[in-house]
Amino acid sequence: MIALLLRDLRLAIRAGGGFGLGLAFFLIVVVLVPFAVGPEAGLLSSIAPGILWLGALLACLLSLDRIFALDWEDGSLDLLAVSPLPMEAVVSVKALAHWLTTGVPLVLATPLIAVLLNLPGEGFRSLILSLALGTPALSVIGTFGAALTVGIKRGGLLLSLLVLPLYVPTLIFGAEVARRGLSGQDTSTPLLLLAGITCGAIALLPFASAAVLRVNLR
Amino acid sequence: MLKVSDLQIARGGVPVLQGVSFEVSSGQALVVRGPNGIGKTTLLRTIAGLQPALDGAVDVDPDDLAYVGHADGIKSTLSVTENLTFWAQVFGQSDISPALQTYQLEGLADRPAGLLSAGQKRRLGLARLLVTGRNLWILDEPTVSLDTNAVEMFSACIRSHLAGGGKALLATHIDLGLEDAKELDLSPFKAKPMSVNAFDEAFL
Amino acid sequence: MTSLWTYANPKKFVETTDKVLPFVSVLAIVCLVTGLVWGFFFTPDDYRQGSTVKIIYIHVPSALMAINAWLMMLVASLIWIVRRHHVSALAARAAAPVGLVMTLIALATGAIWGQPMWGTYWAWDPRLTSFLILTLFYFGYIALWSAIENDDTAADLTSILCLVGSVFALLSRYAVNFWNQGLHQGASLSLDKEENVADVFYHPLLVSIAGFVLLFLALVLLRTRTEIRARRVRVLSTRQRME
């Protein structure tokens, strides 16, 4: 399992792996927002948590189809299926690798990018906390979507259509935490619910993803 | 011991083969033959556990087989060593040098797999079998894009695997020079279409 | 005593529905016409909402069926996963577009009703938002069915999507509740509550709900038959190409 994780990370970092692409996309989305809504600092700072969450979600979505597509094309997925690794482990490791290469950089970059949107100082803590807790769920749910569409040619659009509705609860609770943190309210309830979704998704979804992947490999 | 009894298999929902039965015991190789489209790949994938059979039984230990398909599962940005080491680790092995030696890949060990020729990639794909430590090898058209020299390496590798008590199931069109390999022609097992009026649960 | 599962045989299913479908269709039309005419022309105006209240006879039944259609798909998907009856998978496939249309009707009538009552066509109210999310789930489900060529693969994948989607739809429902308190009135109907809508509105509403249920049943049966035949045609043409 560790070998698979290391291989995926190595592939992501080497040329053509698309590492950093999501990060650049995140930056661009956030930069475009002031052009669309105007440069007024008060407005920007009040919508900043939502924009940053939406940007992170879209950046995550962008890299989902790479999770399985490359391994599918070169036959590695077939070989992994007959290897000693259970499919559930393969799926979980893939989700973890996706989170490490997409989610973690996003969380780390958020404080810098939040400055662009005039996010007040008191909003930082809860925003970063909510992203750190929420992005694993995004990766795991996205892995399920990627497993569903792996056999479909040009399935990228379908992948978005399938995954985005599944992202709704995570987005709602995550952005709620960030918003409440910004306005100085108590964040513990949405934070716990967000953590609950993340834990539930990590615990249960790999089974669904593995089942779906086995169907697709037939 | 691999035992297949009365197997019926389908490709894309359409039955292609039925009543396939055979056995492969230690030290034996079985070469599956038949025209294109008869269902050789489907048969091998079914035995490897990648797809379910329509009917019949495959008696095989899924933890003791290794499969080589049409694609080699090689990552072009990783070097030959990295590719092999990864699969060795997945299968809980550590030593890749015999595999490199058998397929004469030592000179290429540090080269990114993306820069290999088609035949060299295939050799790397076959070398992968040696790092699995598995007893039953299932090989689908293993000699595609290999030159005569490499085919010789491959059949030597198979022979030493069999001599060590291994088993092999191959689908191939060429003669590998395996003396006591059994052959199985799939043509007689082609699935007969059911009558058009049998409009039952399976739709076919 | 024949088991319920005998109807899972496509041939038996088609034969049976041949006989049942006309009755269901006629009954659906009778109930719909009765319920709607009764509701529209023979009930008094509400003292507060005026005649706008009469849209309830379409809004409530369609909203009810929008959710029930998804539940039916969920049950059919489970049956497919556990027992692998093809008719079950095809019935789930057949129900999806009907459920989608019901959802859209509920949203549209809700918007039309919302304008005079709340002064706006749309509000990000939990119930409205949940229905919008349900629409997205229907779209995804239908798109996945149509994107995959192999019928059995498609049935397997959509069934699992339906299962996972149901969990997330339920989660979204609670998330949305948490996110925004709404304008929408409480449930119009419930079995254990005293304050249902008044009897004058209640009886025609029940009739039109029965009409919508029967309409749904008729459409699903019809569409399932179509799916069975379409699949039969695909199978036969595949075989012809192979011979």
Side-chain angles (χ1 to χ4, degrees), chain A residues 1-21 63 66-94 96-98 101 147 150-153 209-218, chain B residues 9-13 41-42 44-54 60-79 81-94 112-114 121-122 124-125 128-129 131-134 136-140:
Chain A
M1 279 173 78
I2 293 167
L4 180 61
L5 179 65
L6 290 178
R7 183 195 72 150
D8 271 18
L9 293 180
R10 198 178 275 159
L11 286 173
I13 293 165
R14 294 229 172 133
F19 182 68
L21 218 61
S63 48
R66 307 188 72 94
I67 297 181
F68 293 118
L70 299 175
D71 279 349
W72 166 266
E73 281 160 18
D74 66 17
S76 307
L77 218 47
D78 279 347
L79 303 179
L80 281 171
V82 292
S83 79
L85 292 179
M87 202 50 118
E88 285 79 6
V90 172
V91 169
S92 308
V93 168
K94 290 268 175 192
L96 178 60
H98 179 260
T101 53
V150 71
I152 301 168
K153 286 185 194 74
S209 312
V212 157
L213 211 50
R214 278 194 208 100
V215 170
N216 266 326
L217 282 176
R218 295 207 293 246
Chain B
I9 54 174
R11 180 178 57 224
T41 298
T42 314
L44 296 191
R45 286 179 67 88
T46 307
I47 293 168
L50 285 167
Q51 63 182 64
L54 281 185
V60 64
D61 180 6
D63 289 330
D64 198 30
L65 63 85
Y67 170 78
V68 173
H70 293 268
D72 291 316
I74 292 169
K75 292 293 169 195
S76 54
T77 47
L78 300 183
S79 73
T81 313
E82 284 169 330
N83 268 303
L84 269 185
T85 311
F86 164 67
W87 287 109
Q89 283 168 341
V90 165
F91 283 88
Q93 310 281 316
S94 53
K121 275 187 188 154
R122 193 67 201 173
L124 175 53
R128 197 184 63 83
L129 278 175
V131 301
T132 58
R134 294 288 176 92
L136 169 63
W137 290 358
I138 298 178
L139 301 121
D140 193 0

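Lettering follows sequence order; numbering is per chain, from 1.
With a 4.5 Å cut-off on non-hydrogen atoms, Ile74(B) touches chain A through its backbone but not through its side chain. No part of Leu77(A) comes within reach of chain B, as not one of its non-hydrogen atoms sits under 4.5 angstrom from that chain. Neither the backbone nor the side chain of Asp63(B) comes within contact range of chain A, judged by heavy atoms closer than 4.5 Å.
Counting all heavy atoms, side chain and backbone alike, Ser83(A) lies closest to Arg134(B) at C-NH2, 4.2 Å. Of all heavy-atom pairs between Ala71(B) and Gly75(A), the closest is CB-CA, 3.8 Å.
Residues Arg7(A) and Val90(B) have side chains not in contact (no heavy-atom distance under 4.5 Å, counting atoms from C-beta outward).
Counting only distance, with no hydrogens or angles, the side chain of Arg45(B) and the backbone of Leu217(A) share a donor-acceptor pair below 3.5 Å.
Rounding to the nearest 0.5 Å places CG of Leu50(B) at 8.5 Å from CG of Leu79(A). The distance from the NZ atom of Lys75(B) to the CG atom of Asp8(A) is 7.5 Å, given to the nearest 0.5 Å.
Comparing Val82(A), Ile2(A), Asp71(A) by heavy-atom pairs within less than 4.5 Å of chain B, the highest count is held by Val82(A). In terms of heavy-atom pairs under 4.5 Å with chain B, the best-connected choice from Leu80(A), Val215(A), Leu6(A) is Leu80(A).
Evaluation of the side-chain hydrogen bond (donor to acceptor under 3.5 Å, both in side chains) test over residues 85-94 of chain B, restricted to residues two or more places apart or in two chains, returns none.
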